[in-house]
Amino acid sequence: SRLIRVRDNSSGMPPEDAPKALAPHATSKIAEAGDLTRIATLGFRGEALASIAAVSRLRLTTRTADRDEGTTVQAGGEAAPETAPAAHPPGTTVEVRDLFHNTPARRKFLRTEKTELGHCLDTVRRAALGAMDTSFTLIHDERTHLQLPAVEAWDDAEQRLARLLGRGFAEQALHLHQGSGDGLVLSGWLGLPEAARGRRDQQFLFVNCRPVRDRLIAHAVGEAYTDVLFKDRFPVYALFLEVDPEQVDVNVHPTKQEVRFAEGRRIHEFVRHTVEQALAQARPSSQPPQASRTGQGEAGWGMGPDGAGSGGAATGSLSLREAPRAYQALYGPEEGEGQRAPGGPGHPAPRADATEGEVPPLGHALAQIHGAFILAQNERGAVLVDQHAAHERITYERLKRSLDSGGIERQALLVPVPVSLSERQLALLEEESASLLRMGLRVEPTAPGQAAIREAPALLAEADLPTLVQRALEGLERYGSERPVSEALNEVLAEMGCQGSVRVNRSLTREEMDALLRELEATERGGQCNHGRPTYVELSMADLDGFFLRGQ
């Protein structure tokens with residue numbers, strides 16, 4: 001006969017409580033009515049075992065550690081449960097045989113064995129993520145599908161995450177642990193933007209270790225990813241929210257997969273801000289990507305793989321610490337420290353942790369490819385940077401910082417720049433004049449269908465100003481009525497940053513390219529442009545060797 005067996009080695013139940021566990025609406029989790037407002041366990045309704053017993057032949061065997069023998073309770077159908085002594089280690093075992101044997105109409109809706117096993121795997125996977133300190137083993141037809149030891153250290157948690165969600169998830173995730181100072185704690189893993197998927201199938205949320213599907217938290221996380229995701233992509237994450245049990249109602253849905261918070265706005269803001277700040281710190285790093293993202297210790301990384309056939313890659317390459325001297329010989333002397341090349345994208349951002357001779361994370365620029373990409377070399381290999389995407393993110397973050405500090409600095413134009421606008425745009429120009437001023441634009445109507453740009457953002461001095469104004473008005477019209485003002489302005493600033501960035505086919509000097517790399521390293525969310533595209537890709541020496549089958 002078919003059998004499902006679940007066994008634990010927990011505290012077990014005394015003989016007098018074992019039969020009660022199978023009675024409808026009987027639970028040991030609730031002692032008084034007040035307990036319903038501070039539920040800290042996963043079960044509390046007293047419905048699951050009774051419901052299963054009604055449609056199967058169920059046997060429960062249990063023993064507490066202070067007793068020499070356990071108790072077994074046999075239930076099935078309408079007969080009263082039968083109780084008898086039984087040998088059993090401390091803990092509880094529940095065995096379910098012949099599921100739906102007395103309700104054939106329900107049984108015919110079961111899927112294939114493979115499909116139902118998949119549902120079991122999903123259930124155990126979520127339980128194992130939510131209870132890291134508990135070991136899990138899943139066996140089917142004498143084959144072990146999951147064997148997960150209890151987590152005792154950080155490396156154990158990483159291994160469990162990789163085992164349950166895939167090695168790729170763990171390798172492309174940031175570890176997060178942040179408290180609010182007033183009782184909220186958010187921890188777990190955030191997938192990097194480049195790990196986003198076309199489906200929401202790798203989004204795991206837990207509230208006080210309970211797996212949930214909560215729209216409020218999911219929306220907050222989605223908002224935090226807005227600036228870094230490509231269209232129609234969804235972030236991946238496994239997040240754990242700890243909150244006072246009295247501040248969350250877990251009794252709002254029969255499956256207990258939905259919860260309701262007493263202070264939903266506070267929860268939303270905390271989650272959104274925490275995730276946003278964590279993503280903002282994901283910048284190019286001097287450490288190997290896996291070490292810097294998962295918080296593991298440094299690993300030894302060489303210029304090429306060991307073994308026969310790879311020595312040339314290491315011994316024949318130029319040391320990065322000698323590179324600046326070689327560049328001087330090739331290109332001529334550097335500009336003076338702190339100077340900006342004429343027309344360049346901006347001043348190099350100094351790094352507080354830099355030391356003399358240290359190789360920057362994105363390395364040093366070697367060349368420009370087809371006026372669109374910067375080729376650089378760092379300690380691990382080669383880096384390709386999309387110059388427009390990189391400068392777009394840099395400009396956008398600068399604009400946001402200026403806006404948050406009181407408004408974007410404006411620069412008066414010696415000669416006003418004319419711009420053609422529709423009647424609707426002219427009306428919107430009057431309605432949104434305050435928002436435009438905060439964004440560094442002072443535009444005044446001059447005639448039917450015409451306006452003049454009198455002041456523009458100082459950061460965007462080289463931008464196409466008429467297009468900039470039209471995009472700003474389009475953005476305010478599209479987003480202003482649907483989103484909070486701050487979010488609407490950020491959407492518009494993203495478009496402004498795009499318009500004011502270095503364009504393709506713009507020739508850059510070596511100093512300009514290096515300045516762009518340094519600024520990108522210091523920019524929040526520097527890995528993606530305003531539209532979610534990657535700003536750079538890195539090729540390790542192992543990757544480069546692989547292209548040419550070296551060492552194989």
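Position 1 is the first residue of the sequence; numbering continues from there.
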Query - Check against side chain to side chain donor-acceptor pair (under 3.5 Å), T115 and T112 - result: CA-CA 5 Å; T115 300; T112 65; 3.0 Å; yes
Requested in this report: Test V212 against Q257 for side chain to side chain contact (heavy atoms under 4.5 Å, CB included), laying out the working first.
Outcome: CA-CA 4 Å; V212 300; Q257 291 185 343; 5.5 Å; no
Requested in this report: Go through the steps for L205 and L241 under the test side chain to side chain contact (heavy atoms under 4.5 Å, CB included), then give the verdict.
Outcome: CA-CA 8 Å; L205 294 174; L241 177 66; over 6 Å; no
Query raised in the report: Can D8 and S10 be said to form a side chain to side chain donor-acceptor pair (under 3.5 Å), step by step?
Result: CA-CA 6 Å; D8 69 43; S10 188; 4.9 Å; no
Report task. Carefully, step by step, assess E432 and S435 under the rule side chain to side chain donor-acceptor pair (under 3.5 Å). Result -> CA-CA 5 Å; E432 299 288 356; S435 295; 3.2 Å; yes
Report task. For the pair T83 and T71, evaluate side chain to side chain contact (heavy atoms under 4.5 Å, CB included) and give the outcome as yes or no after the intermediate values. Result -> CA-CA 7 Å; T83 304; T71 303; 3.4 Å; yes
Requested in this report: Applying side chain to side chain contact (heavy atoms under 4.5 Å, CB included), run through N208 and V248 and close with a yes or a no.
Outcome: CA-CA 10 Å; N208 293 342; V248 56; 4.1 Å; yes
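Taking the side chain as every heavy atom from C-beta outward, V185 and H177 approach each other to under 4.5 Å. Annotation: side chain of E519 is in contact with side chain of R398 (closest heavy-atom distance under 4.5 Å). Looking at I267 and L184, their side chains come closer than 4.5 Å, going by heavy atoms from C-beta outward. Side chains of V228 and R393 form a contact here, defined as non-hydrogen atoms less than 4.5 Å apart. Counting heavy atoms from C-beta outward, L186 and F270 have side chains that approach closer than 4.5 Å. Between V96 and V6 the shortest side-chain heavy-atom distance does not fall below 4.5 Å. Contact of the L60 side chain with the T72 side chain is not registered, since no non-hydrogen atoms from C-beta on lie closer than 4.5 Å. Contact annotation: the side chain of V271 never approaches that of T274 to less than 4.5 Å [non-hydrogen atoms, C-beta and beyond].
Side-chain atoms of R125 come within 3.5 Å of backbone atoms of L164 as a donor-acceptor pair (strictly under, hydrogens ignored). Side chain of D156 to main chain of E152: a donor-acceptor pair is present (N/O by atom type, distance under 3.5 Å, no hydrogens or angles). At distances below 3.5 Å, not a single donor-acceptor pair connects side-chain atoms of E242 with backbone N or O atoms of V207. Formation of a donor-acceptor pair under 3.5 Å by the N378 side chain with backbone atoms of R380 is found in this model. The main-chain N or O of G381 is never found under 3.5 Å from a side-chain atom of S540 such that the two would form a donor-acceptor pair.
A 6.0 Å sphere centred on NE2 of H273 holds no more than 12 heavy atoms belonging to other residues, nucleotides or ligands. Heavy-atom contacts from other residues, nucleotides or ligands closer than 6.0 Å to CZ of R107 number more than 12. Within 6.0 Å of CD in E82 there are 12 or fewer heavy atoms belonging to other residues, nucleotides or ligands. By the 6.0 Å contact criterion, CD on E32 is enclosed, its count of non-hydrogen atoms from other residues, nucleotides or ligands being greater than 12. Summarising the local packing, CD of E16 is surrounded by more than 12 heavy atoms from other residues, nucleotides or ligands at distances under 6.0 Å.
A salt bridge links R199 to D201: at least one charged side-chain nitrogen sits closer than 4.0 Å to a carboxylate oxygen. Ion pairing of R38 with D244 is absent here, as no side-chain N (NZ or NE/NH1/NH2) approaches a carboxylate O to less than 4.0 Å. At a threshold of 4.0 Å, the pair E113-R2 counts as salt-bridged, since one of the basic side-chain nitrogens sits closer than that to a carboxylate oxygen. A salt bridge is defined here as a Lys NZ or Arg NE, NH1 or NH2 lying under 4.0 Å from an Asp or Glu carboxylate O, and R63 with E69 fails to meet this definition. A salt bridge does not link R525 to E392: none of the charged nitrogens lies less than 4.0 Å from a carboxylate oxygen. R401 and D404 are not joined by a salt bridge, as no carboxylate oxygen comes within less than 4.0 angstrom of a charged side-chain nitrogen. A salt bridge links R59 to E95: one of the charged nitrogens lies within less than 4.0 Å of a carboxylate oxygen.
Considering all non-hydrogen atoms of both residues, D227 and K400 come closest at OD2-NZ, 2.7 Å. Here the closest heavy-atom approach between residue P235 and residue Q203 is recorded as O-NE2, 2.9 Å. The two atoms that bring L216 and H268 nearest to each other are O-CD2, 3.5 Å, heavy atoms only. In this structure, T523 and E397 approach most closely via the heavy-atom pair CG2-CG, 3.5 Å. Nearest heavy atom pair, residue V55 against residue N102, reads CA-OD1, 3.4 Å. Considering every non-hydrogen atom in both A278 and L176, the closest pair reads CB-CD1, 3.9 Å.
Side chain to side chain, H88 and T93 meet the donor-acceptor criterion of an N or O pair below 3.5 Å. Remark: the Q528 side chain and the E194 side chain contain an N/O donor-acceptor pair separated by less than 3.5 Å.
How far CZ of R97 is from OG of S56: 11.0 Å, rounded to the nearest 0.5 Å. Within the model, atoms CD of E524 and OH of Y396 stand 11.5 Å from one another, a figure rounded to the nearest 0.5 Å. Here the straight-line distance linking atom CZ of R160 with atom CG of D155 works out to 14.0 Å at 0.5 Å rounding. For the atom pair OG1 (T535) and CG (N530), the distance works out to 10.5 Å, reported to the nearest 0.5 Å. Taken from CG in L229 to CZ in R533, the straight-line distance is 14.0 Å, to the nearest 0.5 Å. Atoms CG and CZ, from L138 and R143 in turn, are 10.0 Å apart once rounded to the nearest 0.5 Å.
Using cut-offs of 30° and 60° for the angle between ring planes, the H175 and W189 rings count as tilted.
Legend: residues meeting salt bridge (charged side-chain N to carboxylate O under 4.0 Å, His left out) with D182, ordered by chain and number and at least two apart, are R266.
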Show which side-chain atoms of residues 126-134 pair as donor or acceptor with protein atoms under 3.5 Å away, not counting sequence neighbours.
none

